[in-house]
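As the structure lists them, so they are numbered: ligands from 1, and atoms in each ligand from 1.
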Amino acid sequence: MREESKINLGKNIAILGAQWGDEGKGKIVDMLTPDLDAVVRFQGGHNAGHTLVVDGKKTVLRLIPSGILHPHVQCYLGNGVVLSPDAFLSEVAELEQQGIDVRHRLKLSHALHLLLPYHIALDQARELKLGHAAIGTTKRGIGPAYEDKAARRGIRLADLADLDGLQQRLKTVLDYHNFVLTQYHQTSAIDVDELFDVLLAQREALLPLMTDVTADLQVLASQGKHILFEGAQGSFLDVDHGTYPYVTSSNTTAGGIACGSGFGPLMMDTVMGIMKAYTTRVGSGPFPTELTDDIGATIAKRGHEFGSVTGRPRRCGWFDAVAMKRAMFLNSMNALCLTKLDVLDPFTEIGICTAYQLDGKTLDYLPHSTAELARVQPVYEFMPGWGSDTFGITRFDALPSAARQFIERLETLLGLTIDMISTGPGREHTIVRQSTR
Ligand code: GDP
Ligand code: IMO
Ligand code: MG
């Protein structure tokens with residue numbers, strides 16, 4: 001194993017969350033960007049919150065790819081993204097206020113769907129109605145926007161170019177949604193003319209950014225450029241493969257890249273899974289290794305585990321190797337990055353879930369039903385803690401031996417080496433450790 005500051009992951013790379021989101025994807029994308037030509041988001045919307053820390057200064061990105069802080073990189077939002085013009089334009093304005101040129105370096109797919117105020121109103125009204133059974137969404141309108149896409153009544157970016165068509169489509173879609181909002185949810189209707197006027201103004205800023213992302217990616221690929229696909233959310237929030245219905249409404253796993261950008265599956269050199277040294281989840285749904293005791297509270301405090309979008313406290317627990325193995329298969333992960341190792345510094349022992357118990361049986365796989373997953377008892381293996389400071393360490397051999405043993409045990413359980421280890425939020429707080437591939 002050799003250690004160097006740069007990592008060779010090939011030309012086309014996916015960075016995907018391997019757990020329930022917030023694994024530290026944004027930091028890793030930002031850190032890899034100097035060697036890239038393009039960064040692409042392919043799913044999700046402003047439910048994502050990706051935190052970058054550069055020279056101690058924090059930037060949280062929601063829709064804009066985490067490569068944007070590096071001036072040489074072209075950023076794209078693919079067709080699989082749902083884009084709120086309000087959220088997008090305010091994020092652009094925030095970055096521009098910091099002197100970052102966004103408009104010349106960011107392109108939007110003509111085929112991405114717009115997430116509009118009625119989607120947000122529906123998400124909020126539904127969560128309210130569900131009460132204790134709520135999914136715990138970010139209330140950003142993500143689910144309703146993807147529903148409209150699947151129902152073939154969505155409004156795409158390219159529709160802003162045809163004003164008559166847009167007005168007609170808005171009327172039709174609001175006729176339907178306003179009925180639901182007022183009659184079923186007893187809440188206010190969205191005014192079609194007001195929304196049309198707002199979109200009329202917003203389209204001036206949006207249309208110049210429109211492109212055929214797939215065609216652009218094809219050109220970049222033919223020129224041998226380096227492209228990174230930045231996942232949002234995590235594998236177990238995937239609408240198909242996650243803990244349904246406690247999921248988001250897009251495909252967060254590797255398959256989503258091809259659908260959400262038009263970049264074919266055989267083009268990918270590396271699919272890197274980002275995983276915390278423990279597990280977190282925000283919102284409702286099963287979480288086998290959740291710790292509701294002092295240990296969970298200490299992890300939350302040390303890891304500042306509060307949602308970067310909603311500020312909600314994240315639920316915390318030990319690392320789940322059973323779920324992780326599933327995530328590796330789901331995504332064809334051939335590289336791994338472990339983040340937030342430093343958060344575990346004070347513990348005398350550290351748990352790794354290696355199996356589940358369900359109705360007297362030991363399982364080394366995830367049960368297929370969400371209800372069963374909610375009932376499993378984790379089987380733990382405890383490793384000795386290291387009890388010393390790992391914050392900011394940049395070399396594997398500088399880690400305490402118990403920390404190295406913890407990482408090596410994870411590698412054995414997962415059957416893959418861990419190429420990168422993050423020991424703090426900053427770009428520089430990273431161990432790059434690469435096996436020759
Ligand atoms: P993302 O959604 O996957 O990009 O992750 P978030 O940004 O939502 O959450 C990760 C949080 O952990 C952010 O506040 C990061 O600044 C922070 N972070 C990332 N890596 C590390 C690390 O290795 N150690 C510590 N202490 N914090 C980290
Ligand atoms: P990043 O990209 C963590 C969760 C919500 C909720 C469920 C559905 O920062 O990792 P939605 O608003 O998408 O309909 O909510 O998904 N969720 C996330 N959890 N990180 C995220 O994004 C998330 N985006 C959505 O909390 O449980
Ligand atoms: Mg996040």
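In summary, Arg433 and Glu411 engage in a salt bridge, as defined by a charged side-chain N under 4.0 Å from a carboxylate O. Of the charged side-chain nitrogens involved, none lies within less than 4.0 Å of a carboxylate oxygen, so that Glu96 and Arg105 do not count as a salt-bridged pair. Using a 4.0 Å cut-off between charged side-chain N and carboxylate O, Arg409 and Glu381 make a salt bridge. Ion pairing between Asp22 and Arg314 holds under the 4.0 Å rule for side-chain N and carboxylate O. The pair Asp55-Lys57 does not count as a salt bridge, with every side-chain nitrogen at least 4.0 angstrom from each carboxylate oxygen. Lys11 has no carboxylate O lying under 4.0 Å from a charged side-chain N of Asp269, or vice versa, which leaves the two without a salt bridge. A salt bridge does not link Asp123 with Arg140: every distance from a Lys NZ or Arg NE/NH1/NH2 to an Asp or Glu carboxylate oxygen is 4.0 Å or more.
Annotation: Ile142 places no N or O atom under 3.5 Å from an N or O atom of ligand 2; distance criterion only. For the pair Lys25 and ligand 2, the shortest N or O to N or O distance falls below 3.5 Å. An N or O contact shorter than 3.5 Å is missing between Ala48 and ligand 2 by distance. Any N or O atom pair closer than 3.5 Å counts here, and Glu23 shares no such pair with ligand 2. The shortest N or O to N or O distance between Asp123 and ligand 2 is not below 3.5 Å. Residue Thr138 places at least one N or O, backbone or side chain, under 3.5 Å from an N or O of ligand 2. The distance criterion of under 3.5 Å between nitrogen or oxygen atoms is met by Gln233 with respect to ligand 2. On a distance-only criterion, Thr248 and ligand 2 share at least one N/O pair closer than 3.5 Å. By the 3.5 Å distance cut-off applied to N or O atoms, Arg312 is counted among the residues near ligand 2.
Near Gly283, the atoms of ligand 2 lying under 4.0 angstrom from a non-hydrogen atom of the residue are 27 (O).
Here the protein contributes Asp22 OD1, Gly49 O as N, O or S atoms under 2.8 Å from the Mg ion (ligand 3).
Relative to atom 1 (P) of ligand 1, the option among Arg62, Gln233, Lys25 with the closest non-hydrogen atom is Lys25.
If you check which protein heavy atom lies closest to atom 3 (C) of ligand 2, you get Asp22 OD2, 3.2 Å. Considering only non-hydrogen protein atoms, atom 6 (C) of ligand 2 sits nearest to Gly136 O, 3.1 Å. Regarding atom 4 (C) of ligand 2, its nearest protein heavy-atom neighbour is Leu237 CD1, 3.9 Å. Looking only at heavy atoms of the protein, atom 15 (C) of ligand 1 is closest to Thr51 CB, 4.0 Å. In terms of protein heavy atoms, atom 10 (C) of ligand 1 is closest to Asp22 O, 3.7 Å.
Not less than 6.0 angstrom separates the ring centroid of His241 from the ring centroid of Phe236. The aromatic ring centres of Trp318 and Phe347 sit less than 6.0 Å apart.
Glu91 and Ile64 get closest at one heavy-atom pair: OE2-N, 3.1 Å.
Separating the CD1 atom in Ile227 from the CG atom in Leu220 is a distance of 5.0 Å, to the nearest 0.5 Å.
Note: Trp20 and Phe287 have tilted aromatic rings, judged against thresholds of 30 and 60 degrees for the angle between ring planes.
Under 4.0 angstrom from ligand 1, the non-hydrogen atoms of Arg314 all belong to its side chain. The proximity of Thr423 to ligand 1, defined as any non-hydrogen pair under 4.0 Å, is limited to the backbone. The side chain of Asp342, and not its backbone, has at least one atom closer than 4.0 Å to an atom of ligand 1 (non-hydrogen atoms only; side chain from C-beta on). Residue Lys27 touches ligand 1 through its side chain alone, judged by heavy-atom distances below 4.0 Å.
Checked by atom type, the side-chain pair Gln233/Thr248 shows no donor-acceptor distance below 3.5 Å. A side-chain N or O of Thr253 and one of Asp238 form a donor-acceptor pair less than 3.5 Å apart.
The salt bridge (charged side-chain N to carboxylate O under 4.0 Å, His left out) test with Glu305 is passed by exactly one of Arg315, Arg281, Lys276, Arg312: Lys276.
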